[in-house]
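Sequence lines set the chain letters: A, B, ... in the order given, protein chains first and strands last, and positions in each chain run from 1.
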Amino acid sequence: MSTFFGDNRGHMQLFDKIKTEIVNVTHRSYGTSIDPGLLTVSPTRKDFEGDMTVVIFPLVKLLRKKPQDIGAIIGDHLVSKMPEIDHFNVVQGFVNLSLTSDYWLSFLEKSLAHDEYGKLARNGEKVMIEYSSPNTNKPLHLGHIRNILLGSSCANIMHAAGFEVVKVQVINDRGIAICKSMLAWLKYGGGETPASTGEKGDHLVGKYYVRFEKEFRDEYQEWQQSPKAQEVFESRKKEDQSRDQFFAAYKNEYFNRYSELGNEAREMLQKWEDGDADTIELWSQMNGWVYAGFDQTYERLGVDFDHLYYESETWKLGKSEVLQGLDKNLFFQKDDGSVWVDLSHEDKDEKILLRSDGTSVYITQDIGTAMQRYRDYGIDRMVYVVADEQNYHFQVLFEILNMLDEPYAEGLFHLSYGMVDLPSGKMKSREGTVVDADDLIDDVISEARQVAMEKGDLEDLDESARDEVFFRIGMGALKFFILKVNPGKRMTFDPEASVDMQGQTGPYVQNAYVRIQSVLRKAGSISADFRSCQSFGDTEKHLLTQIFMYPEIVKRSANEYDPSVIANFCYDLAKSYHRFYHDVPILTAESDAARNFRLSLSSMVGTVLENGMNLLGIEMPQRM
RNA sequence: GGCUUCGUAGCUUAACUGGAUAGAGCACCUGACUACGAAUCAGGAGGUUGCAGGUUCGAAUCCUGCCGAGGUCACCA
């Protein structure tokens, strides 16, 4: 017998076989060669009899026969050619195939024997995933959490789908923003450090960034009363623009032209760029505080990186590549010396690549970094996890790398995700509505603790074991809440709902797993001797079908760079199991074979739930 | 304004990429713990998939036009 499950993709082999046989039979019966791509095979919808369904509508037009007739011929052929298929029925253009009990039982047997069910064969491709990419002037917030969870779970999923994965982050450790924090710390800090205050380093530095912004705002307010401000307003205002509107829009220019604090910050940046020793030392000291803080947060989130790219080291990259492109006439130069790319053939504008003074801009750096990464790792694909406000930027970047004929250009992907809103609207740092990452993590864990303590099922565990359970439940709730939403969609984050532990949540899935562990513990050892269990009900069949589809789900999730596919699958599987658990006796089954079958099935569901949730970065508790 | 993404129950969302009667959860109402864990299960109510056309065996999904919401159009990153 063939090892239908040998490559861990039993479903695909079955589906491919069905498609091939359909191609054969339509050729033989109608003399028409059809493209197997026209056929779709999927699990049968409940409310219809059968396990797998083939949609044959596309053939109806091609063959000019009635769906009923085509369906009957296909069904008869499949039943006679494929021992796995027991019988079939045709409804409209759908052929519903019922697989034999034997097929299902042997499927379960083989799945159980598999160590890493759902991990697909290595495909020899290497993918790099960039995520998190924080600025070092303030702590991580809810938006970063979505980014980090998407990136790290995507890495897990692509690894499971057969890729070799390299996880990286770009650290934006230079620029005017960090200089603002440094300046404020020098002016108002009184020498305080994370050690002296006990404050987490990233929060301490963030505090001074906020302080700078406040001082700057005050300075700006005061300046607006000056004659100079009045003069600027009179000469520069657009018609029907109020004073407030004007000065709100003018803020940036004020910072660059008149502001004392702005001037000091720019001077500091200049000194940094000139390599001034004191400035560099302060810079690396404060960045060090921030990294220590970030590391704590990353550890709690359970994420890590294989390599860090510091912007302070990469910000000058790209210039020589742009100049080479200029030589090849891919780019052009304007009279003032600045270098541009013309993307009008792609329905885009011209875009600047080098300033008139010859220095790099943001996109120049990204071009250089991409090439650097290819030299470092020889990657086939590159995934950037970056919010959707940068969609245009990445379209341009990819187009340029394409023009430069980079070998990985086909494999570039921008995993663009929507911003996270609060029920009250957008997060705004100015209004203090930003949800801090560390606070959020604390909140979900303490909520988990509270719910668990009320239930009181963990009283026999010692404190550290209990804390571990609370941690897993709290983080499970948070991660699931964020990852179950399709990345492309803007999401509303309701802090109340995020700590919910009922319904479509992480703890709901964890609870199914915990129930399974509890039954397995009570059962003692499990025997895989269930081949004589020849009939099983719809609930069991439903679970088997879902387990059967799991590798396909992993593949789809990886193809679409979308963890929500896994999250929704895990929820559906947990839901089916809860129902099964409620409706069907396991330990007190009517026969040994039935008991063995149900225990084995439970065990397999537990394995798949754990594997799936692990791909989301969620750990399963043994008890809760 | 140009380009772009999106609009599904009161709220948060799903729909195997064009397939069967649009699925769930929250909130609301009803029922089930002396059976393997009630963070559970069963049931009820809640939908003209923003609106109007079009394409075809078949549309939440594709096309066109409106309406509404975001994003983006820097020699910032």
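Ring-plane geometry between A/H393 and A/Y362 is classed as parallel, the angle between the planes falling under 30 degrees on a 0 to 90 degree scale with a further cut at 60. Aromatic ring pairs are classed by plane angle as parallel below 30°, tilted from 30° to 60° and perpendicular above 60°; the pair A/Y384 and A/F394 is tilted. Note on ring orientation: taking the six-membered ring where Trp is involved, the planes of A/F255 and A/F212 are perpendicular (angle over 60°, cut-offs 30° and 60°).
Base engagement by A/R45 is indicated by at least one non-hydrogen atom pair under 4.0 Å involving a base atom. Among the heavy atoms of the strands lying under 4.0 Å from A/T492 are primed sugar atoms or P, OP1, OP2 only; no base atom is included. Here A/T53 lies in heavy-atom contact (under 4.0 Å) with a base. Using a 4.0 Å heavy-atom distance criterion, A/D349 is classed as a sugar-phosphate-only contact. No engagement by A/N172 is indicated, since no non-hydrogen atom pair under 4.0 Å with the nucleic acid exists. Using a 4.0 Å heavy-atom cutoff across all strands shown, A/P58 reaches at least one base atom of the nucleic acid.
Nearest to the side chain of A/K575, among B/C16, B/C76, B/G25, sits B/G25. In the set B/A20, B/U56, B/U72, B/A20 carries the atom at the smallest distance from any side-chain atom of A/F48. For A/K426, the side-chain atoms get nearest to B/G70 when compared with the rest of B/A77, B/U13, B/G70. When distances are taken from the side chain of A/F94 to each of B/A24, B/G19, B/C73, the shortest belongs to B/G19.
Remark: the separation of the P atoms in B/A27 and B/U12 is 15 Å, to the nearest Å. Remark: the separation of the P atoms in B/A14 and B/U8 is 11 Å, to the nearest Å. Separation of the C1' atoms belonging to B/G25 and B/A45 is 16 Å when rounded to the nearest angstrom. Only the P atoms considered, B/G23 is 13 Å distant from B/U49, to the nearest whole Å. A distance of about 13 Å separates the P atoms of B/G10 and B/C51, rounded to the whole Å. Taking the P atom of each, B/G7 and B/C16 are spaced 13 Å apart, rounded to whole Å. Here the separation of B/C33 from B/A42, taken at their P atoms, is 16 Å to the nearest Å. On the C1' atoms, B/A60 is 12 Å away from B/U48, given to the nearest whole Å.
Residue A/K489 places at least one side-chain N or O under 4.0 Å from the OP1 or OP2 atom of B/A14. Close to B/U13, at under 4.0 Å from its OP1 or OP2, lies no side-chain N or O of A/S564. Side-chain N/O atoms of A/K484 include none lying less than 4.0 angstrom from OP1 or OP2 on B/G25.
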Test log, rule side chain to side chain donor-acceptor pair (under 3.5 Å), inputs A/Q372 and A/T314: CA-CA 9 Å; A/Q372 181 65 46; A/T314 62; over 6 Å; no
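B/G25 is paired with B/C11 under the criterion used here, namely a Watson-Crick or G-U wobble arrangement in which both key atom distances are under 3.5 Å. Base pairing annotation: B/A32 forms a Watson-Crick or G-U wobble pair with B/U40, both donor-acceptor distances under 3.5 Å. The nucleotide B/U17 finds no pairing partner, because no Watson-Crick or G-U wobble arrangement with both distances shorter than 3.5 Å includes it. Across all strands shown, B/U64 forms a Watson-Crick or G-U wobble pair with B/A52, both key distances being under 3.5 Å. The partner of B/C3, taking Watson-Crick or G-U wobble pairs whose two distances both stay under 3.5 Å, is B/G71.
Each of A/Q395 and A/D572 was matched to the nucleotide of RNA chain B holding its nearest heavy atom; the match closer to the 5' end belongs to A/Q395.
For the pair A/L483 CG and B/U12 P, the computed distance is 19 Å after rounding to whole Å. Residue A/Y362 contributes atom OH, which lies 16 Å from atom C1' of B/C73 at whole-angstrom precision. If you measure from atom CZ of A/F481 to atom C1' of B/U12, you get 7 Å, rounded to the nearest angstrom. Between A/L343 atom CG and B/C3 atom C1' there is a gap of 13 Å when expressed in whole angstrom units.
Annotated as anti: B/U34, whose glycosidic dihedral deviates from 0 by more than 90°.
Within the 3.5 Å criterion, the main-chain N or O of A/G418 finds a donor-acceptor partner in the side chain of A/R146.
Within 3.5 Å, a donor on the side chain of A/E560 pairs with an acceptor on the base of B/U17, or the reverse. One donor-acceptor pair, N or O on each side, does fall under 3.5 Å between the base of B/A20 and the side chain of A/N96.
For the residue pair A/Y577/A/S602, the side-chain donor-acceptor check at 3.5 Å is satisfied. Between the side chains of A/T53 and A/N96, at least one donor N or O lies within less than 3.5 Å of an accepting N or O.
Inter-residue side-chain proximity for A/K489 and A/Y417 is flagged as unmet; no heavy-atom pair is nearer than 4.5 Å.
Using a 5.5 Å limit on the distance between ring centres and a 30° limit on the angle between planes, the aromatic ring of A/F57 counts as stacked on the six-membered base ring of B/G19.
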Protein proximity profile, nucleotides 30-40 of chain B - base contact B, sugar-phosphate-only contact S, no contact -, cut-off 4.0 Å on heavy atoms: ------BBSBS
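Comment: A/E468 does not engage A/R623 in a salt bridge, judged by the lack of any side-chain N to carboxylate O separation of less than 4.0 angstrom.
Geometrically, A/K555 does not engage A/F15 in a cation-pi contact defined by less than 6.0 Å to the ring centre and at most 45° from the axis.
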